[in-house]
Amino acid sequence: MSAATLSMPGATPPPGVELGPLVPVYRRAPVEFVRGRGVELFDADGRAWLDLSSGIAVNALGHGDAGVAGVIRNALECGLIHISNLYHNAPGRALAEALVARSFASSVFFCNSGAEANEGAFKFARRWAREVGGEGKTGIVALRGAFHGRLFATLAATDRAAYRAPFLPLTEGVTIAERDLGALAELLAPDHIAAVIVEPVQGESGVRLLDPAFLHGLRKLTGERRIALIFDEVQCGLGRTGHLFAHQALDVEPDIMTLAKPLAGGLPMGAILTTGEIALAMRPGDHGSTFGGGPFVSAVALHVVERLSDPVLLDSVRANGIWLGEQLDQLAARTGRVRAVRGKGYIWGVDVMDQAALVVGRAFDLGLLICTAGEHTLRLLPPLIATRDDLSRGLAMLEEAIH
Ligand SMILES: *Cc1c(COP(=O)(O)O)cnc(C)c1O
């Protein structure tokens, strides 16, 4: 870095921000983990942290899982990490077949992250909507409190002023709507809406479970108006609610569903699952991804999807989730420092009176890793393998951190 660059206007870091080799977009906790095992992470001195954040809902099978490690070793033996989408690959096809067999979908497109999956879903929806409804049918509607990613179209569908403001203008034709059927009916009445995207459980905005009646109403509205209903299950999907897909508990099916976070056991992967009708609106050349669905990442994801589909695992997440909710309610009553508790399975939001980041910091000092979801909301995302004992240990530290 030359002195000239540093003296350019705007190049002086604001207080608390240091120029380093990494662009300073993250606030990181003061630790470097060197090892992981199950629900625990360790630093170089051997100090352990109980991880009830799962790397933000990614490590559903915990850390250092032997099955995942075995699949990775096997996949490497054949020497195929990447071959591009110019050629067929058996693991990618097998993974798509596994997702189709377990869902409403007929076809799958693979990409590399959640935001990318949602961007692709918008393209799929527009391509199909134009075909069924004409040139002007392009609008995309997202909900109050939504988080769909940080690329331009997904940011336009994300309801967080601080994330959006520095990067305006965002993709046009994207509207944020209230979580209200009456308002939506009005908004969707004209013929220019192509898609509505919703998280069945809103994650980043505080763990808000959408009302099943609202989702049923939305399904009816979008079906009548030939609007693609997209479920973003990047965070709430793949077992987190105790159902393989969150919407499967609600008896409502989307036209498109996006997945990512836990899909490939911590390797980057996203997926767009879609009905046959929408898949057939997409033609060769309409979309693509250099890395998407390669043989290595697909082999790992196939193993993860099979493991997360295990009814024994899903039953335990459901049962332990009910227990965890009761424990959190009791903790709230005991401490008097909690305003509300919301969640299901292994995704819980806890509204606290203090700044959430302060409580997360105190929990960290005690040996517990949790996330925030908004200024006053803590978010618990335990690995799906966490036992009641693990959760109990976490609850004890959480109570101390909240007090
Ligand atoms: C994390 C998340 C995304 C974005 O995923 P990235 O892989 O970070 O791009 C999108 N939607 C939801 C619901 C998420 O939780």
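Numbering of ligands and ligand atoms starts at 1, following listing order.
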Numbering the atoms of ligand 1 from 1, which are under 4.0 Å from a heavy atom of [X]?
{"X": "S113", "value": "7 (O), 9 (O)"}
{"X": "N118", "value": "10 (C), 11 (N)"}
{"X": "H148", "value": "10 (C), 11 (N)"}

(request) For ligand 1, find out whether one of its N or O atoms is nearer than 3.5 Å to an N or O atom of A115. (result) yes
(message) For ligand 1 and D232, I'd like to know whether there is a polar contact (N/O to N/O, distance under 3.5 Å).
(response) yes
(request) Give, for atom CZ of R388 and atom OG of S316, the distance between the pair rounded to the nearest 0.5 Å. (result) 9.0 Å
(request) Return the set of residues passing salt bridge (Lys or Arg N to Asp or Glu O under 4.0 Å) with R164 (not counting sequence neighbours), or none when no residue passes. (result) none
(message) Given S205, A117, G114, identify the one with the heavy atom nearest to atom 6 (P) of ligand 1.
(response) G114
(request) Measure from atom 2 (C) of ligand 1 to every heavy atom in Q235, K261, E199 and give the option owning the shortest one. (result) K261
(message) For H287 and F109, take the angle between the two ring planes, folded into 0 to 90°, and tell me which bin it lands in: parallel under 30, tilted 30 to 60, perpendicular over 60.
(response) tilted
(message) Quiz question: by atom type and distance under 3.5 Å, do the side chains of D390 and T387 form a donor-acceptor pair?
(response) yes
(message) I'd like to know whether CD of Q355 has more than 12 heavy-atom contacts from other residues, nucleotides or ligands below 6.0 angstrom.
(response) yes
(request) For D191, look at atom CG and say whether over 12 heavy atoms of other residues, nucleotides or ligands are found less than 6.0 Å away. (result) no
Which atom pairs, donor and acceptor, lie under 3.5 Å between side-chain atoms of residues 222-231 and protein residues at least two apart or in another chain?
from	atom 1	to	atom 2	distance (Å)
T222	OG1	L218	O	2.7
T222	OG1	R219	O	3.1
T222	OG1	R219	NH2	3.4
E224	OE2	K220	NZ	3.1
R226	NH2	E277	OE2	2.8

(message) Test of understanding: given a 4.0 Å heavy-atom threshold, classify the contact between A260 and ligand 1 as side chain, backbone, both, or neither.
(response) neither
(request) State whether any protein heavy atom lies less than 4.0 Å from atom 9 (O) of ligand 1. (result) yes
